[in-house]
Amino acid sequence: SQQGEEDPQALSIQEGENATMNCSYKTSINNLQWYRQNSGRGLVHLILIRSNEREKHSGRLRVTLDTSKKSSSLLITASRAADTASYFCATDILTGGGNKLTFGTGTQLKVEL
Amino acid sequence: DGGITQSPKYLFRKEGQNVTLSCEQNLNHDAMYWYRQDPGQGLRLIYYSQIVNDFQKGDIAEGYSVSREKKESFPLTVTSAQKNPTAFYLCASKGQAPADYEQYFGPGTRLTVT
């Protein structure tokens, strides 16, 4: 089953507004990562937050992590039409076979002009 | 250019045929991964390999096979035993240094089986 569940499934906003996406997961993690996918393309890594961190910033991105609630959020500020894409959280878990990423179901973001 | 290439971009096959998807990387990464993505869904791990000549089953390995004879290459064979092979297949790689957490993805292969 999917480790991460994301909310909302889809989000439509106007350019300049902020977009917030949430991710919940089930087991202990080493870190949590957010990826972006443009339609029909591969994924691109956006930001990583370690299990001992609570908040991290990168440009217009802000990620929070609450390990007690097993949840994370991604905030994109001052959104642009070019931010239109699907966004996935992925939890990094160490297994006997090495590190594995387990992806959430994704949030489809549409930023309208 | 450094990166991951997958070929072909689109692949069509008849039911009952095996098909092999190519994944090549020149990032000198030890670890490579294969994922499957269905419409509106997240990625599910099929197989992964941490080092040459070794690989592990992921969450949905049934009906798939892989090989890792070279560091640069990790081909995926979709066999006739895979009940629903039509999907978008993504390959990824990752370095093995302690600070290497990010996975780098190829552009994907969209497989349609009729």
Participant: Looking at B:Y101, B:F105, B:Y35, which one forms a ring-ring contact (aromatic ring centres under 6.0 Å, His included) with A:Y35?
Facilitator: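 Of B:Y101, B:F105, B:Y35, ring-ring contact (aromatic ring centres under 6.0 Å, His included) with A:Y35 is met by B:F105 alone.
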Participant: Tell me whether the guanidinium CZ or amine NZ of B:R68 lies under 6.0 angstrom from the six-membered ring centre of B:F55 and within 45° of its axis.
Facilitator: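 The answer is no, since B:R68 fails at least one limit relative to B:F55.
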Participant: Name the region of B:Q103, side chain, backbone, both or neither, that has any atom closer than 4.5 Å to a heavy atom of chain A.
Facilitator: both
Participant: As an exercise: rank A:N31, A:V44, A:N30 by heavy-atom pairs under 4.5 Å with chain B and give me the winner.
Facilitator: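 Top option by heavy-atom pairs under 4.5 Å: A:N31.
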Participant: At a 4.5 Å cut-off on heavy atoms, which part of B:Y33 comes close to chain A: side chain, backbone, both, or neither?
Facilitator: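 Contact with chain A is through the side chain of B:Y33 alone.
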Participant: Do B:K94 and B:E102 meet the salt-bridge criterion of a basic N to acidic O distance under 4.0 Å?
Facilitator: no
Participant: Only pairs of heavy atoms separated by less than 4.5 Å count here; which of B:C91, B:P107, B:G108 has the most with chain A?
Facilitator: B:P107
Participant: Charged N to carboxylate O under 4.0 angstrom, B:R44 versus B:D38?
Facilitator: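 Yes, this pair counts.
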Participant: Hydrophobic clusters here meaning ILVMFWY residues chained together by side-chain heavy-atom distances under 4.5 Å, can you tell me if A:W34 and A:L61 are in one?
Facilitator: yes
Participant: Which answer fits A:L101, side chain, backbone, both or neither, if we ask what part of it has an atom under 4.5 Å from a heavy atom of chain B?
Facilitator: both
Participant: In plain terms, say whether A:R54 and A:D66 are close enough for a salt bridge, that is, a side-chain N and a carboxylate O under 4.0 Å apart.
Facilitator: no
Participant: For B:K57, is it the side chain, the backbone, both, or neither that has a heavy atom closer than 4.5 Å to a heavy atom of chain A?
Facilitator: neither
Participant: What part of A:Q37 lies closer than 4.5 angstrom to a heavy atom of chain B: side chain, backbone, both or neither?
Facilitator: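 Only the side chain of A:Q37 comes within 4.5 Å of chain B.
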